[in-house]
A.B. asks: 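Okay, handing you the structure first.
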Amino acid sequence: MPSTAHVKDGQAVLAVGVWPRQRLHGQGCAGTSIAPGHLCGSGNHSSGGRNTDDDTMTSEDTFEGYAKTFARKLSIRRKGSASKQKMPSPEHLTSSRDEDDNQEDPSRPALSTSLLADYRYDMSHYRRGTAVLINIATFEEDADMPTRLSTGTDVDGLGRALEDLGFRVKLFQDSTCGQIKRLMHLLSKEDHSDTDCLLIAIMSHGSEGEIYGTDGPMSTREITTPFRGDNCRSLIGKPKLFIFQACRGGMVDQGVAIDRHDIDEPDAQIGYQAARTIPVEADFLMAYSSPEGYASWRNATSGAWFIQSLVRAFEAYGASWEVTRILTLVNRMVALQYESLSVNTFMTRKKQMPCFVSTLTKELYFRPKGAPGEPATKVE
């Protein structure tokens, strides 16, 4: 069963539960009932279902945040596209130093053969790692936040997908900010030496730089900082993944007409040389349901656009694709397959654009233990 929280000796204690293999689909928090069509900061709305023809959302959609007014119309920023740059030719990445001594800048580090060879994270540890799901559905009166509907759909789907990828999933429901901070501290002090990585997903309301516990907001940095290299040494050089399903502001994406020409932008060529240290902020990946300043959407019956797309992408490609490729697919799914529908005309036909920020230094795959290139899991 999911985790519960209680108070002991004046401190919040979290009873950790391992993810149950079978749960009632769509199970939410008991004791709370809100009309399915509720829109944060708006009036009464209707609910419906998903258009199965093009997978465009057609039922009532709600904010993953709390905006008190939408009277002010939002302007659309139009930015000129950056000029294209040519990709460096392959020989620039592999040429020997002897051949290029007269051409290369000696102050510029060379891309070594060993660097190019060691391009994937080591995922051959005894365990894949822990995936912590924190779902905040109901809020205290002082937090002034509406109940999040249909969170059970997101929790169940994401939990199953991560379990199928080999994670040991732990679920925490309706935790306060203090309990979340305590949980992050305890996780950072665990020994992760025999694990591949760590994943933490938080689903709640939010605002710029903040996410809500049941009793109010806390900084998202309080979620990630405990796992920096100078705070959690057993995760140094290992992927630390964070998924945030929450608003990051009150703006809504109006959408803009597009043509069908793809735009390719080259990666920047970077220098490298062997080093004895690693940045404390290295090997993090933060996936957000929306860019900074923008709202996130959740369907009243089928769940959050971002989480549901992430679940489908993990189920289809989680065991074979590199993780940033998966997240790029999720970006595309949400951008092209979803559009809000509301009886409030100002909130209808709005869009959402997920994003991710990466300091990963290698490619990350969740191939099954025992698959080609992955040693078989040891049996005790």
Side-chain angles (χ1 to χ4, degrees), residues 2-8 10-15 27-45 60-70 132-155 158 171-185 200-226 242-252 288-290 292-300 303-307 347 352:
S3 305
T4 58
H6 60 277
V7 177
K8 179 178 180 181
Q11 292 185 341
V13 179
L14 294 173
Q27 178 180 355
C29 298
T32 304
S33 176
I34 288 185
H38 177 75
L39 176 67
C40 304
S42 63
N44 297 326
H45 310 296
E60 188 66 24
D61 298 302
T62 67
F63 270 124
E64 280 288 35
Y66 188 60
K68 296 181 180 298
T69 177
F70 298 106
V132 175
L133 308 187
I134 302 174
N135 181 49
I136 313 298
T138 59
F139 299 84
E140 298 177 7
E141 184 176 353
D142 291 342
D144 194 23
M145 288 287 156
T147 298
R148 298 176 62 247
L149 304 175
S150 303
T151 61
T153 302
D154 296 333
V155 170
L158 186 57
L171 172 63
F172 297 85
Q173 291 272 23
D174 291 339
S175 303
T176 65
C177 292
Q179 291 169 341
I180 295 173
K181 293 176 187 177
R182 176 65 175 168
L183 174 59
M184 297 300 102
H185 174 75
I200 297 174
I202 302 184
M203 295 160 278
S204 182
H205 289 304
S207 59
E208 292 190 33
E210 295 180 330
I211 197 159
Y212 275 73
T214 58
D215 56 344
M218 62 181 293
S219 171
T220 55
R221 294 290 295 178
E222 295 182 273
I223 307 295
T224 60
T225 299
F242 296 84
I243 298 171
F244 294 99
Q245 167 59 45
C247 278
R248 301 180 71 192
M251 291 193 294
V252 290
Y288 298 95
S289 56
S290 60
E292 186 173 352
Y294 282 87
S296 298
W297 292 90
R298 173 173 35 85
N299 186 263
W305 298 0
F306 173 61
I307 295 297
M347 305 309 295
Q352 179 177 325

A.B. asks: Are the side chains of Ile136 and Tyr212 in contact, using a 4.5 Å heavy-atom criterion?
C.D. replies: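 No, every pair of side-chain atoms sits at 4.5 Å or beyond.
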A.B. asks: With rounding to the nearest 0.5 Å, note down the distance linking CZ in Phe242 to CD1 in Ile200.
C.D. replies: 4.5 Å
A.B. asks: Evaluate side chain to side chain contact (heavy atoms under 4.5 Å, CB included) for Thr220 paired with Ile202, printing each intermediate quantity in order.
C.D. replies: CA-CA 10 Å; Thr220 55; Ile202 302 184; over 6 Å; no
A.B. asks: Give me the atom names and distance for the closest heavy-atom approach of Ile211 to Ala246.
C.D. replies: CD1-CB, 4.0 Å
A.B. asks: Can you check whether Pro226's main-chain N or O pairs, donor with acceptor, with His185's side chain at less than 3.5 Å?
C.D. replies: no
A.B. asks: Can you confirm whether the side chains of Glu210 and Ser207 place a donor and an acceptor under 3.5 Å from each other?
C.D. replies: yes
A.B. asks: What's the spacing between Phe139 CZ and Ser204 OG if we round to 0.5 Å?
C.D. replies: 3.5 Å
A.B. asks: Can you name the closest pair of heavy atoms from Cys177 and Gly216 and give their distance?
C.D. replies: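 Closest approach of Cys177 to Gly216: SG-O, 2.9 Å.
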A.B. asks: Can you give me the closest heavy-atom contact between Gln245 and Ser289, atom names plus distance?
C.D. replies: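 Closest approach of Gln245 to Ser289: OE1-CB, 3.3 Å.
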A.B. asks: Between the side chain of Arg248 and the main-chain N/O of Tyr288, is any donor-acceptor distance below 3.5 Å?
C.D. replies: no
A.B. asks: Please walk me through it: do Ile134 and Gln179 pass side chain to side chain contact (heavy atoms under 4.5 Å, CB included)?
C.D. replies: CA-CA 11 Å; Ile134 302 174; Gln179 291 169 341; over 6 Å; no
A.B. asks: Roughly how far, to the nearest 0.5 Å, is OG of Ser296 from CH2 of Trp305?
C.D. replies: 9.5 Å
A.B. asks: So does Tyr294 get a backbone contact from the side chain of Ser290, meaning a donor-acceptor N/O pair under 3.5 Å?
C.D. replies: yes
A.B. asks: Rounded to the nearest 0.5 Å, what separates atom CE in Met145 from atom OG1 in Thr214?
C.D. replies: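 Rounded to the nearest 0.5 Å, the CE-OG1 separation comes out at 12.0 Å.
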A.B. asks: Could you report the tightest heavy-atom contact between Gly303 and Asp154, atom names first, then the distance?
C.D. replies: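 Between these two residues, the closest heavy atoms are CA-OD1, 3.5 Å.
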A.B. asks: So, taking the atom named CD in Gln173 and the one named OG1 in Thr138, what distance separates them when rounded to the nearest 0.5 Å?
C.D. replies: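 Reported to 0.5 Å precision, the distance equals 8.5 Å.
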A.B. asks: How about Met203 and Phe306: do any of their side-chain heavy atoms sit closer than 4.5 Å?
C.D. replies: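 They are not in contact (no side-chain heavy atoms under 4.5 Å apart), so the answer is no.
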A.B. asks: Any side-chain donor paired with an acceptor under 3.5 Å for Asp215 and Thr176?
C.D. replies: no
A.B. asks: Would a distance-only check, ignoring hydrogens and angles, find a side-chain to backbone donor-acceptor pair under 3.5 Å from Glu222 to Lys181?
C.D. replies: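 No, because the side chain of Glu222 does not come within donor-acceptor range (under 3.5 Å) of the backbone of Lys181.
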A.B. asks: Are Asn135 and Arg148 side-chain neighbours, meaning at least one heavy-atom pair lies under 4.5 Å?
C.D. replies: yes
A.B. asks: How close do Phe244 and Thr224 get, heavy atom to heavy atom, and via which atoms?
C.D. replies: CZ-CG2, 4.3 Å
A.B. asks: Between CE of Met218 and CD1 of Ile223, what distance do you get to the nearest 0.5 Å?
C.D. replies: 3.5 Å
A.B. asks: Do you know which two heavy atoms are closest between Ala295 and Cys247, and how far apart they sit?
C.D. replies: CA-SG, 3.4 Å
